[in-house]
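Notes follow once the structure below has been shown.
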Amino acid sequence: MSVVKITLPDGSSREYPLGVKGIEIAQSISEGLARNALSIEVNGEIWDLSRPIHSDSSIKIFTWNDKGGKYAFWHSSAHLFAEALEALYPGVKFGIGPPIDNGFYYDVDLADIPFGDEELIAVEKKMLELAKTNSQFVRRDVSKSEALEYFTKKGDPYKLELIDGLADGSITFYQQGNFVDLCRGPHISSTGPIKAIKLLSVAGAYWRGNEQNKMLKRIYGITFPKQKELEEYLHMLEEAKKRDHRKLGKELELFAFSEKVGMGLPLWLPKGTILRERLEQFMRRAQIRAGYEPVVTPHIGSKQLYITSGHYEKYGKDSFQPIKTPDESEEFLLKPMNCPHHCEIYKVKPRSYKDLPIRYAEFGTVYRYEQSGELHGLTRVRGFTQDDAHIFCRPDQVKEEFIKVIDLVLFVFRSLGFENYTAQVSLRDPENKAKYIGQDELWERAEREIQEAADERGLKTVAVKGEAAFYGPKLDFMVKDALGRSWQLGTIQVDYQLPQRFELEYIGSDNQKHTPVMIHRAPFGSLERFVAVLIEHCAGNFPLWLAPEQIAVLPISERFNDYGKKVLDILKERDIRGFLDERNEKIGRKIRDAEVNKVPFMLLVGEKEALENTVAVRKHGEGDKGVMDLNDFMATFSKDFALPS
RNA sequence: GCUGUUGUAGCUCAGGGGUAGAGCACUUCCUUGGUAAGGAAGAGGUCGAGGGUUCAAUUCCCUUCAACAGCUCCA
């Protein structure tokens, strides 16, 4: 056979000579595509454009607009970085240098060479210089012995360790210029297209992520085909920093931390508390409509409770330690989760199959001793409030209940304008079953039912092994923060284990005892994290119903403070949150301050308004909306003041 | 928890071996102004904490705490 059949993404296929290269296919399609092509997907694998294709294949040619294209570009940039670094610092040892979502990094052992901003700039310069030589990335298959010999000679222990773990026959080298790296690829054709380079930061990272190993320097960078794109990216980073919830939380006086109170223990300021309570009201109402019953449980529970649940064994040592009492036989733990308490509520009386499902909801504040280096604003704290609920149901009700919870989560996301979320099915790590409790068949059943429920609601899911909780698989909803970091928000978890451990039961229609299934769920995840992500999502410009201060009443001069007070009183009668700016300042100044504080509406009152009983409406970010009767104003926006439903 | 960086007024930051400075915010006075910063005066700090070196430390050294970045972790 001297031809291969190549199937294109549109389903059409063409024949090419055996050993055709991606770049040749691109040229045959169009000159423009060939010019922009960076890599090619061949039967689901991403290849170099210069690698010959020897069998019938489905292909897709990637450009800068595809993730696969960017990855090849950034992977090649990592090699270019290594080449430049080696040119400037001969003898440095290299770990790994992969592409990431935004750019690339390379782990290097610089021994004791100091490496700061100046060095980063010097390496950037060298990279640009080398990129201009437009050297080809050349792929070469090497035998394991040849690979070992090369890096032994070069004296790079990290690469030797990597090669050690690879099978002979699967090892490839890539070379550009004088630099040779162990690499699976793929790469772009040559260094020329790398036109704009920025090395962003240096951080420590353990070799192979193991803290027993030596710490290497991880150098992050990003590159672009055009200088303008780099500038736009850097601008975007600046903008993202302005949305950081830690910054806005301080500026808008939403929350604070105190060294004296303790790290990771947020203090909610008055404005932040309003925001948080509005979210609670919103969720309470949605839950009551969905058939949940609110419950309240204490902040501590006896150690025995957590021995029963299995949490003590799993987390006891690495958590807040037991609280003692004068009675030495007593020990209590700060509650790290609400489920055991809710199980005990279930147990207060015998249950019939007709009672199920039972749904207990609680805004439960829990405490977890997170590692100090993990704490991060409101997204990772040591004391937080979950919008928690536990659904106790029969096995035949699991899927239906799960779907109802998905609907609730999606309602919440929709109401708050979150469109960019991903759903992750978190499964057990089949290689490490000891990490989990419970029988295999229950796990398999739960994993299957989660996937089915998600599919039924048309969720796009990614299954990730090893991400399950120790008692059951989860469906996690993830969103990204302003700086592109991914956070888990809502979570839904099926649990066959806790009901057994707590010996929960119900009497079935067969008059026999059965064990119910438990579903843990928290659409917000925690109020803390949700508020953090919400702040970044809307850059502090909260929807009207959530805004801590909805309206600023701004008298033109002190002469109209009395009328302003009257307007404010009317607003307050309608439960609208507002304040009167009585300061001896000009109107321009009052407007500026209200704008900076992101107050959604400003009502200006002066001589004309006081005489006519009206207000001059100004909307945040939009400007003057004209003079209106106060009642008309409130009627026009009444829907926006109310909880969404 | 590990590695690195940082810590000066309420906030944002400058400074630097001889006991501190700016802008904004704050207070008072003048001004009563119509859609993003009116003017003047004033008050405000154990320079994160503890120890050391020194005639002298906020500045140099050590320890510690916290924040930040990354790694590891996340019921």
Side-chain angles (χ1 to χ4, degrees), chain A residues 105 107 114-117 200-220 244 246-247 250-251 253 256-260 262-264 306 309-316 318-319 335-340 366-377 379-382 386 388 437 467-472 474 476 483 485 487-488 491 493 495 498 520 522 525 529 554-561 583-597 602-609 616-627:
Chain A
Y105 68 78
D107 284 349
F115 206 78
D117 290 347
L200 296 161
S201 62
V202 186
Y206 298 102
W207 169 236
R208 304 204 128 178
N210 184 337
E211 70 183 49
Q212 308 303 324
N213 289 341
K214 179 159 185 183
M215 179 163 283
L216 307 179
K217 284 215 164 52
R218 175 166 297 178
I219 293 151
Y220 287 87
D244 191 315
R246 293 167 298 185
K247 180 175 152 68
K250 190 182 270 183
E251 285 171 3
E253 295 182 12
F257 290 91
S258 147
E259 281 189 31
K260 259 197 187 122
M263 59 165 111
Y306 301 103
S309 72
H311 290 103
Y312 187 77
E313 192 195 345
K314 181 93 181 160
Y315 296 103
D318 304 318
S319 199
K335 78 174 168 189
M337 82 292 301
N338 305 296
C339 3
V366 298
Y367 298 89
R368 296 178 184 177
Y369 186 78
E370 303 288 359
Q371 293 183 23
S372 60
E374 279 319 311
L375 301 174
H376 182 93
T379 49
R380 196 79 182 271
V381 287
R382 285 180 171 172
Q386 298 176 304
D388 210 358
I437 56 176
E467 287 287 306
F470 75 94
Y471 51 73
K474 311 189 281 182
D476 292 324
L483 297 171
R485 287 178 283 217
W487 297 99
Q488 180 195 313
T491 179
Q493 313 176 1
D495 185 351
L498 265 200
H520 310 245
R529 180 174 292 174
L554 310 180
I556 299 291
S557 86
E558 286 177 310
R559 282 164 48 214
F560 309 107
N561 280 357
R583 290 177 304 166
N584 175 9
E585 292 290 350
K586 289 193 175 177
I587 193 65
R589 177 51 178 279
K590 294 183 184 181
I591 287 170
R592 181 185 146 79
D593 288 347
E595 289 281 351
V596 167
N597 286 310
M602 283 147 264
L603 300 183
L604 278 65
V605 292
E607 188 160 22
K608 192 163 144 246
E609 290 77 14
V617 179
R618 182 187 164 101
K619 195 166 182 195
H620 173 75
E622 294 181 22
D624 196 355
K625 294 280 161 188
V627 175

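All heavy atoms count here, side chains included; hydrogens, waters and symmetry mates do not.
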Open item on the list: Regarding A:Y471 and A:Q493, do their side chains bring together a donor and an acceptor under 3.5 Å, going by distance alone?
Closed with: yes
- [ ] Quick one: label A:R218 by what it contacts on the DNA or RNA (base, sugar-phosphate, nothing), any heavy atom closer than 4.0 Å.
- [x] sugar-phosphate
Open item on the list: In whole Å, measure the gap between the C1' atoms of B:rA49 and B:rA36 for me.
Closed with: 42 Å
Task: Nearest-Å distance for atom pair CG/P, residues A:L216 and B:rA69 - done: 22 Å
Task: For A:Q386, side-chain hydrogen bond (donor to acceptor under 3.5 Å, both in side chains) partners two or more places apart - done: A:N338
TODO: Please state how far atom CZ in A:F470 lies from atom C1' in B:rC73, giving the value in whole angstrom units.
DONE: 16 Å
Open item on the list: I'd like the C1' distance from B:rU8 over to B:rG4, given in whole Å.
Closed with: 22 Å
Task: Per A:K250 side chain, nearest of listed nucleotides B:rU32, B:rC73, B:rU12 - done: B:rU12
TODO: Could you tell me whether A:K625 and A:E622 have a side-chain N and a carboxylate O separated by less than 4.0 Å?
DONE: yes
TODO: Provide the distance between the two P atoms, one in B:rG70 and one in B:rC60, to the nearest whole Å.
DONE: 28 Å
Pairs: protein N or O with nucleotides 38-41 of chain B N or O, under 3.5 Å:
{"from": "B:rG38", "atom 1": "OP1", "to": "A:R589", "atom 2": "NH1", "distance (Å)": "3.3"}

Open item on the list: Using a 4.0 Å heavy-atom cut-off, does A:E609 contact any base of the nucleic acid, only the sugar-phosphate backbone, or nothing at all?
Closed with: base
TODO: Could you tell me whether A:A594 contacts a base, only the sugar-phosphate backbone, or nothing, with contacts defined as non-hydrogen atoms closer than 4.0 Å?
DONE: nothing
- [ ] Check for a donor-acceptor pair, side chain of A:R368 on one end and backbone N or O of A:P336 on the other, with a separation under 3.5 Å.
- [x] yes
Open item on the list: Does A:R246 contact B:rC68 through a side-chain donor or acceptor facing the base, at a distance under 3.5 Å?
Closed with: no
Task: 5' precedence on RNA chain B between A:R208 and A:R368 (nearest-nucleotide basis) - done: A:R208
Open item on the list: Nearest heavy atom decides the nucleotide; on that basis, is A:S201 or A:E259 closer to the 5' end of RNA chain B?
Closed with: A:E259
TODO: Can you measure from CZ (A:F257) to CE (A:M263) and round to the nearest 0.5 angstrom?
DONE: 11.5 Å
Open item on the list: Using a heavy-atom cut-off of 4.0 Å across all strands, would you classify A:K608 as base, sugar-phosphate, or nothing?
Closed with: base
Task: Phosphate contact (B:rA69 OP1 or OP2) by A:Y105 side-chain N/O below 4.0 Å - done: no
Open item on the list: Under 4.0 Å, counting only non-hydrogen atoms across every strand here, what does A:M337 touch: a base, just sugar-phosphate, or nothing?
Closed with: base
- [ ] Answer with base, sugar-phosphate or nothing: what part of the nucleic acid does A:L604 contact at a heavy-atom distance below 4.0 Å?
- [x] base
Task: For atom CG of A:D318 and atom P of B:rC74, their distance in whole Å - done: 10 Å
Open item on the list: When you compare the side chains of A:H520 and A:D495, does any donor N or O come within less than 3.5 Å of an acceptor on the partner?
Closed with: yes
Open item on the list: Could you tell me how far B:rU12 sits from B:rG48 if I compare only their P atoms? Round to whole Å.
Closed with: 15 Å
Open item on the list: Using the C1' atom as the point on both nucleotides, what is the distance between B:rG39 and B:rU31, in whole Å?
Closed with: 8 Å
- [ ] Please state how far atom CG in A:N597 lies from atom P in B:rA36, giving the value in whole angstrom units.
- [x] 16 Å
Task: Contact check, side chains of A:E558 and A:N584, non-hydrogen atoms, under 4.5 Å - done: yes
Open item on the list: Can you say whether a donor on the side chain of A:E374 sits under 3.5 Å from an acceptor on the base of B:rC71, or the other way round?
Closed with: yes
Task: Same-atom distance (P) from B:rU32 to B:rA20, integer angstrom - done: 41 Å
Open item on the list: Using only modelled atom types and a 3.5 angstrom limit, is any donor from either the side chain of A:R380 or the base of B:rC73 paired with an acceptor on the other?
Closed with: yes
Open item on the list: Looking at A:R618 and A:D624, is there a salt bridge between them, counting it only when a charged N and a carboxylate O are closer than 4.0 Å?
Closed with: no
- [ ] Rounded to whole angstrom, note down the C1' distance from B:rU5 over to B:rC74.
- [x] 25 Å
Task: Contact summary for A:P340 and A:H311, nearest pair of heavy atoms - done: CG-ND1, 4.4 Å
- [ ] Have a look at A:E607 and say if it touches a base, only the backbone sugar-phosphate, or nothing, with a 4.0 Å heavy-atom cut-off.
- [x] base
Open item on the list: Could you walk me through whether A:E609 and A:F560 satisfy the side-chain contact (heavy atoms from CB on, under 4.5 Å) test, starting with their C-alpha distance in whole Å, then the side-chain angles of each, then the deciding distance to 0.1 Å, before giving a yes or no?
Closed with: CA-CA 9 Å; A:E609 290 77 14; A:F560 309 107; over 6 Å; no
Task: Whole-Å P distance, B:rC29 and B:rG21 - done: 28 Å
- [ ] Tell me whether the OP1 or OP2 atom of B:rG33 has a side-chain N or O from A:R559 closer than 4.0 Å.
- [x] yes
Open item on the list: Please tell me if A:K619 has a side-chain N or O lying less than 4.0 Å from either OP1 or OP2 of B:rU35.
Closed with: no
- [ ] Write down the distance between CZ (A:R529) and P (B:rC74), rounded to a whole number of angstrom.
- [x] 13 Å
Open item on the list: Could you tell me how far apart A:I587 (CD1) and B:rG33 (P) are, to the nearest whole angstrom?
Closed with: 12 Å
- [ ] Let me have RNA chain B in dot-bracket notation, would you? Count Watson-Crick plus G-U wobble pairs, both distances under 3.5 Å, and use [ ] for pairs crossing earlier ones and | for inter-strand partners.
- [x] (((((((..((((....[..)))).(((((.......))))).....(((((..]....))))))))))))....
Open item on the list: From CG of A:L375 over to P of B:rA66, roughly how many Å is that when rounded to an integer?
Closed with: 9 Å
Task: Distance, rounded to the nearest Å, where A:F257 contributes CZ and B:rG48 contributes P - done: 22 Å
TODO: Kindly say if A:H376 contacts the phosphate of B:rA67, meaning a side-chain N or O under 4.0 Å from OP1 or OP2.
DONE: no
Open item on the list: Could you measure the distance from the CD atom of A:Q371 to the CZ atom of A:R382? Nearest 0.5 Å is fine.
Closed with: 9.5 Å
